[in-house]
Amino acid sequence: MTDCIFCKIIAGEIPSTKVYEDERCLAFRDINPQAPTHILVIPKEHIASMAEITEKNSDIVAYLFERIAEIAKAEGLDDGFRVVSNCGDHAGQTVHHLHFHILGGQPLALTMA
Ligand code: DGP
């Protein structure tokens with residue numbers, strides 16, 4: 001998608017602080033961190049949100065979660081971390097390219113929202 005910020009980050013057109021990259025995914029530090037460690041994990045394939053996951057593409061979700069576990073370990077998040085994926089307007093999704101936030105590095109507030 002030519003107008004997608006995260007596709008531009010994948011293409012190297014917008015700089016990012018990369019944490020991990022392979023042929024299927026990219027992880028980089030959030031530009032507006034909400035915790036001491038705040039990393040975004042995204043597929044290289046453009047998928048707008050969790051609402052577009054089907055039986056044809058759901059394997060990427062498992063793949064990303066395998067990488068999330070590895071990244072959390074590499075980042076030293078041994079005391080725990082949170083994974084968040086905002087989907088759609090009511091959840092406050094601002095970038096319409098599937099992404100998982102990894103948040104950690106300190107005790108996180110317990111909230112439903
Ligand atoms: P969400 O609200 O779930 O759609 O989160 C989108 C996140 O993307 C938000 O926490 C800020 C981050 N973000 C937006 N633009 C950029 C960017 O250009 N670079 C980086 N590193 N993060 C970005």
Side-chain angles (χ1 to χ4, degrees):
M1 290 262 303
T2 52
D3 61 346
C4 171
I5 291 171
F6 286 177
C7 285
K8 288 180 179 173
I9 287 175
I10 291 165
E13 296 166 10
I14 294 175
S16 67
T17 304
K18 293 180 185 176
V19 171
Y20 175 84
E21 182 171 20
D22 65 24
E23 69 282 358
R24 298 186 76 187
C25 75
L26 175 66
F28 55 99
R29 298 199 188 277
D30 195 289
I31 202 168
N32 183 24
Q34 304 298 308
T37 300
H38 187 168
I39 295 166
L40 301 172
V41 183
I42 68 174
K44 289 194 170 176
E45 176 187 0
H46 182 87
I47 299 170
S49 75
M50 288 293 285
E52 290 197 355
I53 297 300
T54 69
E55 63 183 15
K56 289 186 177 167
N57 63 11
S58 61
D59 62 314
I60 189 64
V61 177
Y63 188 83
L64 294 176
F65 271 80
E66 290 166 11
R67 302 295 79 74
I68 285 169
E70 293 170 356
I71 291 165
K73 193 167 190 176
E75 291 285 320
L77 301 178
D78 301 328
D79 292 329
F81 59 93
R82 182 171 293 155
V83 177
V84 173
S85 186
N86 295 316
C87 179
D89 291 343
H90 281 194
Q93 183 180 7
T94 58
V95 179
H96 295 275
H97 182 124
L98 178 65
H99 54 282
F100 294 98
H101 299 255
I102 303 176
L103 297 152
Q106 68 179 28
L108 302 169
L110 293 175
T111 174
M112 291 289 288

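Order of appearance sets the numbers: ligands from 1, and atoms from 1 within every ligand.
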Residue contacts for ligand 1, heavy atom to ligand atom, distance under 4.0 Å: I5, F6, I9, F28, R29, D30, I31, L40, N86, G92, Q93, T94, V95, H99, H101
Salt bridge (charged side-chain N to carboxylate O under 4.0 Å, His left out) contacts in which one or both residues fall within residues 71-89, not counting sequence neighbours: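 Qualifying pairs, neighbours excluded: R29-E75.
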Donor-acceptor contact below 3.5 Å, side chain H97 vs main chain P43: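 Flag set: sc H97 to bb P43 pair under 3.5 Å.
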Under 3.5 Å: donor-acceptor pair, side chain of D30, backbone of A35: no
With I42, the side-chain contact (heavy atoms from CB on, under 4.5 Å) member among L64, V95, L26, I47: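 Running side-chain contact (heavy atoms from CB on, under 4.5 Å) over L64, V95, L26, I47 with I42 returns exactly one hit, L26.
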Ring pair (Phe, Tyr, Trp, His ring centres under 6.0 Å) contacts in which one or both residues fall within residues 24-45, not counting sequence neighbours: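 Qualifying pairs: F6-F28, H38-H101.
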All salt bridge (Lys or Arg N to Asp or Glu O under 4.0 Å) counterparts of E70, not counting sequence neighbours: R67
